Amino acid sequence: MALHQDSIRTLPGIGPKKAELFAKLGIQTLGDLLLFFPRDYEDRTQLLPISSLEVDQPACFIASVVTNPQTHRIPKPGRKRLEYTKVTVADHTGRLNLTFFNASYTAEKLIRGETYCFYGTLTGDYLGYAMTNPLFEPLDAAGSVTRCIMPIYPLTAGLSNKQVFTAVQAALARCAITETLPEDVLQAYDLCDAATALREIHLPSGAEALEAARKRLVFEEFYIFSAALATVRAKRTVFSSVPMQTSDMADFYRSLPFTLTNAQTRAINDILTDFRSGKPMSRLVQGDVGCGKTMVAAAAAYCAAKNGRQTAFMAPTEILARQHFDRLAPMFAAWKIPCILLTGSMTAAQKKNIRQKIANGEYALVIGTHALLTETTVFSDLGLVIADEQHRFGVAQRAALLAKGERPHLLIMSATPIPRTLALILYGDLDVSVIDELPPGRQPVETFLVDERYRARLNGFIRKQAQEGHQTFIVCPAIEEGEIESLKAAEQWAQTLKSTVFPNLRVALLHGKMKGAEKEAVMEAFAKREYDILVSTTVIEVGVDVPNATLMVVENADRFGLSQLHQLRGRIGRGDAKSYCILVSEHPSAETRARLKALCATSDGFRIAEEDLKLRGPGDFFGSRQSGLPVFHIGNLAQDLNVLKQAQQAAAETIQRGALPEALQASVDALLQNGEFRMN
Ligand code: ADP
Ligand code: MG
C-alpha cells in the first residue's frame, strides 16, 4: 500500500515540470495514477491485408518495406521548414505508399526488406490510395502500439497520451495491488480481482477482459457510494429527539378548504409517526406536480407548532417562498400560529428585525429560501426543516442539516418523479412517502406537438384564451438573443409579441437574470391577472401556482428534457378550466419527435421519468441546469444501472453482516468527508 502514496516524481522521466502537468489532472501519487482511468479506447486489434483496408477506417496491417525511405525538405522562409518522408510497403495483396510529415527521424527507422506491423488510416480514392503518419513497430514488439486496445486518457496541454500511458504502466509495475472487496462479494457477483481490473482497464488484453475490468471498478465505486449512504442512514438512528405529541390535529383537519386525498393523509400519517418516534425524521415526500404537497408540509408545521417547536420552510426561489407564504399565512393566522416570510431581497433592517424575532421564538413558522439556514438566522427552538422542490439539495447538505445542534426533523418535498433506481441514489439515506394521487376533479392537460406552420393558429389560440379571461405562459429556452443561435429568446420574443403580434394584450417578461424583487413583482402581477401572457425562461418551472393560467407554450421544446417539460406543463391545469400545453419544435429529429410525442401521450410523471432516463440518461435527467445527481468517477448511471443495483445489494448485505473491511471503511469515510459526496 505504501507505494501508492509515493509521489509520481519517483517514476523515471517525471521531473518537477511534468509533475506539475500531472497535478493539473489531479495526479500526485502513484495511487492517483492507477485510478486515472482512460476516457476511451482505440481498438487497434483489427489486422487486415492491404487490399482490404478501407478509406477512413483505422486498422492494422503487416507489410514489408520495399523502397528506401526518401526524405524531402522544402525550405520555407521565415517558417519551420516542411519535411516529408516517402516509403512504399507491400504485402501479398498489394502495395501502399506511406508519407510521414515532419517525422524523418521516425520514418528512417524503416529498413528496406524488413517486415513491420503498421496502424493507420487509409485516404484517397480510385485514383490512388495512400496513408500518412501511420504508427508502426517491429513484429516482435508484442503489440505495444499496434494490435492492441489503446487507452485514451484525458489530457492537459503539454502532456501526451503516450506520456500518461507510460507513467501509468510504470506505476502498475511498481505498486502491489491489494484486494479491497470482500472475497464473498467477488464470488457472488462474479467480479475480477483488483489487480486484474487495474491492469486490464489501462491496457486491455481484449474487449471481454476490458468489460470485466470496468464492471469490477464500477461496482466498487457504487459499492462505496452505497455504503456511504447506508452510513448516513445508520448515523441518523443513533440520535434521538424529544418525541412530539401528535394527537392535537383536529383543528388542522377541520379548517381545510377541501378533503385531503388518501395519499395526502397517508403521507401526513407517516410524518406524524416519525414525530412520535423520538428519532429525527428524514423523510422525502415525492409526488407529481399538483398532488398537494404544500398541505402535507402545512400539517407537519402545524404539528410542530402545537408542540412549541419552530419550523423553517425553505423554497428554492423567492417567488416560491412568497407564494407559499401567501397561501399559508392566512391559515396559520386563523390557528393563531405566528408565521413570517424572510427573503434575501428584504432590506437589511427588515431582515435584522425579523431575525431578532425568530431568535426570540416569536415566529413558529418561518418561510424563506435556503438562505434561511445560514448561520445568521438563529432559531430559538428549531424542530422541523421543510425543503420544497429539493432536487438541488444533496446528501452532504442533508447530513449537515441533521448535524445542526438541535437535530431537527427533516421533511423534503420533491415534485420530480424519479425512476426507482435513481431514487435509491438520490434518496438512499431517506425514508420515502409517495403521493400517487391527484385531488379529484382535475382535468388532464391536453398536449400537442406543433411546428412553425401552426404559428398563426397558435397566436389565435392565445388570443382566444385571453378573451375568455385566461392566461398563457410562453417559455423560451434562452434569455437574450444570440446565446445560442436559432433559439427563441425571452427578451426579444416578449418584445415582438408586445409590439407586433398581440398589441392589444398585456405581455410580461420574467427571467432568471432579473432581481428577486423584480421577479416577484412580475409574478405577483401575473397571478393577479394584470397580464394575459407571461413570457419566461424556465424560472417558472418550479412550483409556481396560477390556477387561472390555461395555456403553456414551450418554444424550442426539443431543448428541454421530458421531465422538465412535464414540470412546465404542471404549471397549468390547476384550476377548473380545460388546459392545453403546446410544444413548438421546428424540424425535430425522429428521435426527438418520438420523445415529445411520448409526453403528449401520457401525464404520468413516473412513466415520463423512466422514458427520460432511457432516452437521455441521468446526466440530462433534470435538464442541464440542475442535474442534482452525483458525479461518478468511472460509473455511468445511464449504462451501469444494473451494476448499481448489485452493488447496492452487496453493500447492504455486507453492512448487515457486520463492519466493512478496513480499506473500504476508509474509502467510505473519505467520501463522506470530501466534497465528492456533494450532489449538485
Ligand atoms: P404540489 O404538490 O405541486 O406542491 P400544491 O400543494 O401546490 O401542489 O397543490 C396544488 C393545488 O391543489 C393547490 O391549489 C392546492 O390548494 C390544491 N389542493 C391540494 N390538495 C387538495 C385536495 N385534497 N383537494 C383539492 N385541492 C387540493
Ligand atoms: Mg409545490
Side-chain angles (χ1 to χ4, degrees), residues 249 252-271 283-302 313-332 334 365 367-370 386-393 411-418 432-445 471 473 523 526-528 538-550 552 563-577 579 603-606 608-609 622:
M249 297 293 290
F252 172 81
Y253 291 117
R254 198 173 316 128
S255 45
L256 288 182
F258 38 66
T259 318
L260 293 174
T261 63
N262 290 331
Q264 280 173 313
T265 307
R266 263 199 318 272
I268 291 174
N269 286 338
D270 287 347
I271 292 166
R283 181 167 294 279
L284 171 76
V285 171
Q286 202 187 10
D288 221 338
V289 273
C291 71
K293 291 182 291 295
T294 317
M295 230 17 95
V296 172
Y302 177 90
F313 190 165
M314 309 188 297
T317 64
E318 291 211 16
I319 292 180
L320 273 176
R322 174 166 295 274
Q323 190 182 287
H324 283 322
F325 180 78
D326 290 345
R327 215 180 316 150
L328 295 180
M331 300 174 64
F332 279 77
L365 174 57
I367 299 176
T369 56
H370 288 179
I386 303 173
D388 191 14
E389 314 291 357
Q390 77 85 47
H391 53 265
R392 307 172 179 185
F393 196 61
L411 176 63
I412 287 165
M413 303 196 296
S414 171
T416 314
I418 294 182
V432 180
S433 302
V434 176
I435 304 185
D436 50 5
E437 195 181 341
L438 291 181
R442 291 278 164 80
Q443 303 187 49
V445 175
Q471 293 160 285
F473 288 110
M523 215 42 239
F526 186 68
K528 285 191 196 142
T538 50
V539 283
I540 58 144
E541 181 187 341
V542 232
V544 172
D545 192 26
V546 182
N548 188 51
T550 48
M552 166 66 64
S563 295
Q564 208 179 3
L565 289 170
H566 181 61
Q567 288 278 325
L568 288 170
R569 180 167 64 177
R571 299 301 111 230
I572 53 168
R574 299 184 146 230
D576 306 326
S579 294
S603 59
D604 178 340
F606 279 93
I608 290 164
F622 299 115

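What you are looking at is a predicted structure, and each value in this text was computed from that prediction instead of being measured. Every number for a ligand or one of its atoms is a count from 1 in the order of the listing.
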Taking N or O atoms only and a 3.5 Å limit, does Gly292 qualify as a polar contact for ligand 1? yes
Nitrogen or oxygen atoms of Gly290 and ligand 1 under 3.5 Å apart: yes
Counting each atom of ligand 1 from 1 as listed, which ones have a heavy atom of [X] under 4.0 Å away?
X: Thr294; value: 4 (O), 5 (P), 6 (O), 7 (O)
X: Thr261; value: 23 (N)
X: Leu260; value: 23 (N)
X: Cys291; value: 2 (O), 8 (O)
X: Thr259; value: 22 (C), 23 (N), 24 (N)

Does [X] use its side chain to pair, donor to acceptor, with the backbone of [Y] at less than 3.5 Å?
X: Lys293; Y: Gly287; value: yes
X: Gln264; Y: Met295; value: no
X: Ser579; Y: Gly573; value: yes
X: Gln286; Y: Val432; value: no
X: Asp288; Y: Gly605; value: yes

Gln264 contact mode with ligand 1 (heavy-atom cut-off under 4.0 Å):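 The side chain, only.
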Below 4.0 Å, non-hydrogen atoms only: which portion of Asp388 touches ligand 1? Side chain, backbone, both or neither.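 No part of Asp388 comes within reach of ligand 1.
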In this structure, does ligand 1 have an atom that sits under 4.0 Å from one of the heavy atoms of Gly287?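 It does not; every heavy atom stays at 4.0 Å or beyond.
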What do you reckon, does Arg327 put a non-hydrogen atom under 4.0 Å from ligand 1? yes
Side chain to side chain contact (heavy atoms under 4.5 Å, CB included) assessment of Val546 paired with Met523: CA-CA 9 Å; Val546 182; Met523 215 42 239; 3.9 Å; yes
Verify the neighbour count for atom CG of Asp576: are there more than 12 heavy atoms of other residues, nucleotides or ligands below 6.0 Å?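 At most 12 heavy atoms, drawn from other residues, nucleotides or ligands, come within 6.0 Å of this atom.
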Parallel, tilted or perpendicular: which fits the ring planes of His324 and Phe313, with parallel below 30° and perpendicular above 60°? parallel
